[in-house]
J.: 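Okay, here's the structure, questions in a sec.
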Amino acid sequence: MSSRIETDLPAKLAEIVGPRRVRIEAERLDELSWDALSEGRLHPLKRPQTALPLCVAEPETTVEVQAIVRLANQEKIPVVPFGGGTGLMGGALSIRPNILLDLRGMNQILEIDPVACSARAQAGVVLEALEKKLNDAGFILGHDPWTLPVATVGGAISTDSVGYRASIYGSMGEQVLGLEAVMAGGEILRTRAVQKSSAGIDLNALLVGGEGCFGIITEATVRIFPAPEARSLTGFRFESFERGYTAVQGMFSRRLRPALIDLGDDGEKPAAGAVLYVAFEGGREIIELEAKCALTICEQNGGKQLPGGQAERFWRDRHVVARRFMENRRQRRTRGRDGIYRDWIHVALPASKVLPFRAAAAPLIEQRGVQLQESGLWVHPELFSMRLGIEDDGSNQAQLRLAETIEEMLRLAQKMGGSMEYTHGIGVKLAPLMAEEHGYGLEIMRQIKRALDPNGILNPGKMGL
Ligand SMILES: Cc1cc2nc3c(=O)[nH]c(=O)nc-3n(C[C@H](O)[C@H](O)[C@H](O)COP(=O)(O)OP(=O)(O)OC[C@H]3O[C@@H](n4cnc5c(N)ncnc54)[C@H](O)[C@@H]3O)c2cc1C
């Protein structure tokens, strides 16, 4: 990239999107240079370099994205796509000077097809806006993460995000029928929006979980669902996580189809029992039967129903954290400076390995002087998470100890046949572990990246690519 183009860039971008949609104010560049990865969660010895974007472009159409990418490719300037900026792994972090593509102006819901049960939307549509529009038409989106009020369609697909009700509706990637994306040379890829095709390999897979490294999603057609006639939501308390887990497995082996499964340690003491929230959605008669069956299974495992109101509160407050995040993005970035470092793992394991993993992890965590604050299961019996914390003793060692413990846990999951992350993607945070995760698979990804993006302009330095 020449210094001439750096100087000319705002004017060149203004020719594409108009001057009002090119931003160069220092405050704006700083704000959009970070996503929701807090500094306290970075491995202190593996911190990526950071940079400010050269400028922010706010396209509203696919043609504008195409022209920006062509310019970037010609001048070899990195392009970082930015949706809601809620990614927790630094996928949208600016690690080199770049054109930051703020996609939130691409906010049109283009079509709702009630017969095909699908919706087509631009990539920058906020999930909650789509949900509301679908509700008016008698449908739901299905994808329902904590960050529903902030995250965008394109960002959710690019991280293959998982929401509260993914047990029946699937991850955001699983809901994708067809995509439109601008590739590194400015070509436009459009895949056919059908549930199933055997006409060659599935090119949606290049973009689902692709974190903007293989193409920039401009539109998506996703599966939607008729609004459920009824929902049953119940909370149970179990004397141990293991008994709660056995109940969850019992439900899945009986082929019940809960919309929500949320099993977690009760409070910050993993030995103090566990709480399970389970929901069913759909036709009234069917869910009544399913809920009855789930109640029997839970009671057989010692589950005691929680007092009325607790489950409803859990459900009502599920997006509160995202609204707080919106109010104070910056505080989130610097989190970890309040005297306690915290981090999470979200691993996918064979169901037979979840309890052995939890049992093996606890003593390793304790040996390192780190606190296991909570473990939990979300959505499926295979998706297991843990929250770890350590007090900052002022020596800089605490953050390192936490980061090393997290890596040890992720490697343990890999060793037990699992995957190190099921919902938040890789970004910069987990990039150093990609070779262990994928082996030769990472080399294949790198070859695909080189073939499609020879100048390496699309979100370079992310996902270990
Ligand atoms: C408080 C909190 C709670 C959360 N809860 C959940 C949860 O329940 N479930 C869950 O799965 N995640 C959760 N997350 C993580 C986050 O919401 C997801 O990763 C989200 O899916 C990212 O969407 P976004 O629009 O914010 O994308 P961004 O953060 O802007 O971007 C994410 C990645 O996608 C790329 N990208 C963005 N748009 C495009 C595009 N159009 N084309 C190509 N690449 C693109 C970016 O470059 C980046 O690599 C949570 C985060 C926070 C802060």
Side-chain angles (χ1 to χ4, degrees), residues 32-38 41 53 59 62 65 69 78-95 98 100-107 121-128 130 143-166 171-173 179-184 189 206-220 260 262 318-329 331-333 335 344 346 376 378-379 383 385 421-429 431 458-463 465:
L32 298 186
S33 67
W34 274 82
D35 56 11
L37 169 66
S38 51
R41 289 180 50 239
T62 301
V65 174
V69 171
V79 178
V80 176
F82 195 98
T86 67
L88 286 163
M89 297 300 189
L93 207 68
S94 286
I95 56 173
N98 63 82
L100 191 127
L101 218 48
D102 182 348
L103 293 159
R104 286 171 294 183
M106 298 190 69
N107 56 9
Q122 282 188 302
V125 170
V126 171
L127 299 172
E128 190 174 61
L130 182 53
H143 182 53
D144 180 19
W146 292 30
T147 38
L148 190 86
V150 205
T152 60
V153 167
I157 294 171
S158 300
T159 49
D160 197 4
S161 168
V162 168
Y164 279 95
R165 293 134 99 188
S171 70
M172 189 59 171
L179 292 172
E180 177 189 86
V182 173
M183 309 304 280
L189 168 70
L206 263 183
L207 300 152
V208 170
E211 299 186 20
C213 298
F214 298 96
I216 292 166
I217 300 166
T218 45
E219 271 182 37
L260 160 81
D262 186 306
R318 70 196 190 281
H319 302 130
V320 165
V321 67
R323 296 191 204 280
R324 254 188 259 137
F325 165 78
M326 272 196 295
E327 281 160 22
N328 199 344
R329 274 171 190 277
Q331 195 186 46
R332 179 145 193 103
R333 165 170 160 182
R335 210 167 145 180
W344 307 264
H346 295 84
W378 215 36
V379 173
L383 306 185
S385 58
E421 176 57 47
Y422 73 75
T423 182
H424 295 136
I426 300 300
V428 291
K429 186 175 187 313
L458 292 183
N459 210 4
K462 310 294 167 62
M463 297 210 312
L465 297 172

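We count ligands from 1, going down the list as the structure has it; atoms in each ligand are counted the same way.
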J.: Between Y422 and W378, does the ring centroid distance fall short of 6.0 Å?
T.: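 Centroid separation for Y422 and W378: 6.0 Å or greater.
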J.: Going by atom types alone, do T218 and E180 pair a side-chain donor with an acceptor below 3.5 Å?
T.: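 Present: a donor and an acceptor within the cut-off.
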J.: Classify the side-chain pair H424/T159 by whether it contains a donor and acceptor separated by less than 3.5 Å.
T.: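 Not at all, the side chains of H424 and T159 share no donor-acceptor pair under 3.5 Å.
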J.: Does the residue A322 have a heavy-atom contact with ligand 1, meaning some pair of atoms that are separated by less than 4.0 Å?
T.: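 No.
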J.: Side chain or backbone of P81 under 4.0 Å from ligand 1, or both, or neither, by non-hydrogen atoms?
T.: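 Within the 4.0 Å criterion, P81 contacts ligand 1 through backbone and side-chain atoms alike.
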J.: Check whether any N or O atom of F82, backbone or side chain, sits under 3.5 Å from an N or O atom of ligand 1, and answer yes or no.
T.: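 No, no N or O pair falls under 3.5 Å.
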J.: Just so I know, are the side chains of V150 and V126 near enough to count as touching, which here means a heavy-atom distance under 4.5 Å?
T.: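 No, too far: nothing below the 4.5 Å cut-off.
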J.: Report the part of I217 (side chain from C-beta onward, or backbone N, CA, C, O) that has a heavy atom under 4.0 Å from ligand 1; answer both or neither where that applies.
T.: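 Within the 4.0 Å criterion, I217 contacts ligand 1 through backbone and side-chain atoms alike.
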J.: Heavy-atom pairs closer than 4.0 Å: do any link ligand 1 to the side chain of S161, the backbone, both, or neither?
T.: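 The answer is both, backbone and side chain.
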J.: How close do K462 and V428 get, counting heavy atoms only, and between which atoms?
T.: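 Minimum heavy-atom contact is CD-CG1, 3.7 Å.
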J.: Counting heavy atoms only, which part of K462 comes closer than 4.0 Å to ligand 1: side chain, backbone, both or neither?
T.: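 Looking at K462 and ligand 1, no heavy atom falls under 4.0 Å.
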J.: Does ligand 1 have an atom under 4.0 Å from some heavy atom of G163?
T.: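 No; G163 lies far enough from ligand 1 that no heavy-atom distance drops under 4.0 Å.
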J.: Determine whether any heavy atom of G215 lies closer than 4.0 Å to an atom of ligand 1.
T.: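 Judged by the 4.0 Å heavy-atom criterion, G215 does count as contacting ligand 1.
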J.: Under 4.0 Å from ligand 1, counting heavy atoms only, is it the side chain of L207, its backbone, both or neither?
T.: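 Neither part.
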J.: Distance check, rounded to the nearest 0.5 Å: T152 atom OG1 versus M106 atom CE?
T.: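 Answer for the OG1-CE pair, T152 versus M106, is 11.0 Å.
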J.: Side chain, backbone, both or neither: which applies to T218 and ligand 1 if a contact is any heavy-atom pair less than 4.0 Å apart?
T.: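 T218 to ligand 1: no contact under 4.0 Å from either part.
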J.: Which of the numbered atoms in ligand 1 are under 4.0 angstrom from any heavy atom belonging to W378?
T.: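 Counting atoms of ligand 1 from 1, those under 4.0 Å from W378 are 8 (O).
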J.: Nearest heavy-atom pair of M89 and G425: which atoms, and what distance?
T.: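 The answer is CG-O, 3.2 Å.
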